[in-house]
Amino acid sequence: WNSSPGGIEIINSHVSRMSLLQQLNTSAGAKTIDPAEVALPPGTTPRYAVCGHTWHGLSLLDYALLAQTSYFNPSEKNDLPALLRVLMPHKNIILKAPPPLSSRKWLELRVTSCAEGAKSTGSATGCSSVTVIAISGTDPSRFTDYAENLRMWTEPVSLQILSTLFPTVRTWPRDTTAEWIGLMHNVMRNMAIQDNRWHYQEILEHVRQKPADEVVVLTGHSLGGGMALVVGGLTGRFAVALQPPGIFHSMAKHQTHREIGDIAVHRRSVTLKFEGDWVQHFDEHGGLVQTMSCDRSHQGVQLACHMLEGAVCHLVRHCGDSEQRFASCSHEYAPDSAVRVVMLSLWASLKRTWRASTWKALDAYASLGRALHTALCVSVVAGVRQGYFAVLRKRLANERQHTDS
């Protein structure tokens, strides 16, 4: 992220660019702002039913912004505390970074909200706190993320393919579908094809260690949103998922007590999805689901409707910002850059594999060289010894013949 005149700019893998302006510049010579990018004015009727609702003091826009921060590494260069102060100026946020060797990027944020009276007096009364676990989505430069997507949604996709051949599959009750998915997962696991060490395992164990009276909300985008729903369902915590694949049926392979996860998904989850986003069709959705229109539906096949930056701008423009942090939001999307990022990542992965195999070959050659060197030395020593004794025997034989004669 970068500071820009009057706001900030967030760039996602050189593919998606979002610009948030804190105030409109109406001076002469200033850049003209597209009216479609301006935030919904206060007092205007919002466009969607979910607008204006909050969960533990945070709106859907707040959760989207917190999910956005999970894509950043908490390094000195990124300066996440400064970014959080810009995104959530009316909140007190304490950032806790996960272990550096975590298989999934995620952040723990302690968010404290205070009423106006409590702010002015500095009193702790009138303040509420919530722990938000923000989980990152698919990183296009990490092939392990693609593999994790395949692992988590193999069975639901297979079931959808089966339903095209046998349409009656779509009429199955949820329990029947869950049993079938669980059976497929167990078969793959017994064949040593499936690995149950999910990327969310560390997060799940971390959330389970939280005190029962601590308010914990999980949030995330895309793959991270799916993981937030799974972890929320397994722990009974609230989850806010942004543009995730569905987990309603595939939840069966993650839980041991099915009724617990099912109840949690329906009663303690909110999902935001967009028309034209084909990622959402990997499975069905449970709980409270809000569908919104896509501002870039003509690029839907190229994942334009799946970008979190586009979702943030859509929320600003159609739900507004109750805390009046942002006056406008613009989103740019370059799918060609996405292809370039994936190809560069593939090339880097191939180079790492080649270097690793080369070093292994060199190590093997070095080991073979040492063995050959040892064998050569032994052979030379043996040859010298055999040659010395042969010469000595011949000399003794000649001396004996000379003495006899």
Side-chain angles (χ1 to χ4, degrees), residues 1-12 16-25 33 37-40 42 54-98 100 105-124 126-137 214-221 224 240 242 308-317 319-331:
W1 72 279
N2 301 302
S3 296
S4 61
I8 61 170
E9 185 178 67
I10 295 178
I11 303 173
N12 182 359
S16 182
R17 182 189 303 267
M18 176 177 66
S19 297
L20 287 165
L21 291 181
Q22 295 171 311
Q23 58 183 4
L24 298 178
N25 188 352
I33 302 297
E37 298 175 355
V38 177
L40 188 72
T54 60
W55 297 269
H56 300 288
L58 298 174
S59 66
L60 195 56
L61 176 60
D62 294 330
Y63 285 110
L65 293 172
L66 293 176
Q68 184 82 63
T69 63
S70 65
Y71 283 94
F72 293 92
N73 290 317
S75 62
E76 183 177 349
K77 177 183 177 182
N78 288 326
D79 197 3
L80 279 183
L83 175 61
L84 289 168
R85 285 193 295 270
V86 175
L87 297 179
M88 314 280 284
H90 300 93
K91 312 288 184 184
N92 180 25
I93 301 180
I94 300 176
L95 172 65
K96 294 183 180 180
K105 285 183 182 178
W106 62 281
L107 298 174
E108 179 178 341
L109 306 114
R110 185 70 173 173
V111 183
T112 302
S113 306
C114 296
E116 291 299 328
K119 290 180 183 178
S120 59
T121 60
S123 173
C127 298
S128 62
S129 296
V130 56
T131 299
V132 178
I133 305 293
I135 310 173
S136 66
E214 181 177 349
V215 179
V216 179
V217 178
L218 295 112
T219 189
H221 166 252
V240 179
L242 302 134
L308 180 56
E309 296 78 20
V312 169
C313 284
H314 195 83
L315 288 170
V316 169
R317 286 178 257 179
C319 286
D321 181 10
S322 59
E323 296 186 354
Q324 301 182 24
R325 294 162 288 184
F326 311 113
S328 72
C329 182
S330 62
H331 175 229

Can you name the closest pair of heavy atoms from Pro81 and Leu95 and give their distance?
CD-CD2, 4.4 Å
For Gly310 against His331, the heavy-atom pair lying closest together:
CA-ND1, 3.5 Å
How long is the straight-line distance from CD1 of Ile10 back to CG of Leu65, given to the nearest 0.5 Å?
7.5 Å
Do Cys313 and Val316 have side-chain heavy atoms sitting under 4.5 Å apart?
no
Is there a side-chain contact between Leu58 and Leu66 (heavy atoms, below 4.5 Å)?
yes
Nearest-0.5 Å distance, CD of residue Gln68 to CG of residue Leu83
8.5 Å
Between Tyr63 (side chain only) and Val217 (backbone N and O only), is there a donor and an acceptor less than 3.5 Å apart?
no
Minimum heavy-atom distance between Ala64 and Leu242, given as atom pair plus value:
CA-CD1, 3.6 Å
Is there side-chain contact between Leu80 and Asn73, with at least one heavy-atom pair below 4.5 Å?
no
When you measure from the side chain of Asp321 to the backbone N and O of Phe326, does any donor-acceptor pair fall under 3.5 Å?
yes
Got Asn2 and Ile11 here, is their nearest side-chain heavy-atom distance under 4.5 Å?
yes
Using the salt bridge (Lys or Arg N to Asp or Glu O under 4.0 Å) rule, take Arg17 and Glu9 through it: C-alpha gap first, then chi angles, then the decisive distance, then the call.
CA-CA 7 Å; Arg17 182 189 303 267; Glu9 185 178 67; 3.2 Å; yes
Can you tell me how far apart CG (Leu60) and OG1 (Thr54) are? Round to the nearest 0.5 Å.
11.0 Å
Do you know the tightest heavy-atom contact between Leu21 and Pro5?
CD2-O, 3.7 Å
Quick one: which of Ser328, Ser4, Ser330 gives a side chain to side chain contact (heavy atoms under 4.5 Å, CB included) with Ser19?
Ser330
I need the Met88 CE to Glu323 CD distance, nearest 0.5 Å.
6.5 Å
Nearest-0.5 Å distance that lies between atom SG in Cys114 and atom CG in Asn92:
7.5 Å
Please tell me if the side chains of Gln22 and Val86 come closer than 4.5 Å, counting only heavy atoms from C-beta onward.
yes
Which heavy atom of His56 sits nearest a heavy atom of Val130, and at what distance?
O-CG1, 3.9 Å
Is there a donor-acceptor contact under 3.5 Å from the side chain of Asn12 to the main chain of Ser16?
no
Closest heavy-atom pair and its distance - Glu37, Arg317:
CA-CD, 3.6 Å
Is there a side-chain contact between Leu84 and Leu109 (heavy atoms, below 4.5 Å)?
yes
Atom pair CG/CD of Leu218 and Glu108 - distance to nearest 0.5 Å:
10.0 Å
Donor-acceptor contact below 3.5 Å, side chain Trp106 vs main chain Ser70
no
Has the side chain of Arg325 got a donor or acceptor atom that lies under 3.5 Å from a matching backbone atom of Leu87?
yes
Is a donor on one side and an acceptor on the other found under 3.5 Å between the side chain of Thr219 and the backbone of Val240?
yes
Main-chain N/O of Gly137 paired to Tyr71 side chain as donor or acceptor, under 3.5 Å:
yes
May I have the step-by-step check of side-chain hydrogen bond (donor to acceptor under 3.5 Å, both in side chains) for Ser129 and Thr112, ending in yes or no?
CA-CA 4 Å; Ser129 296; Thr112 302; 3.0 Å; yes
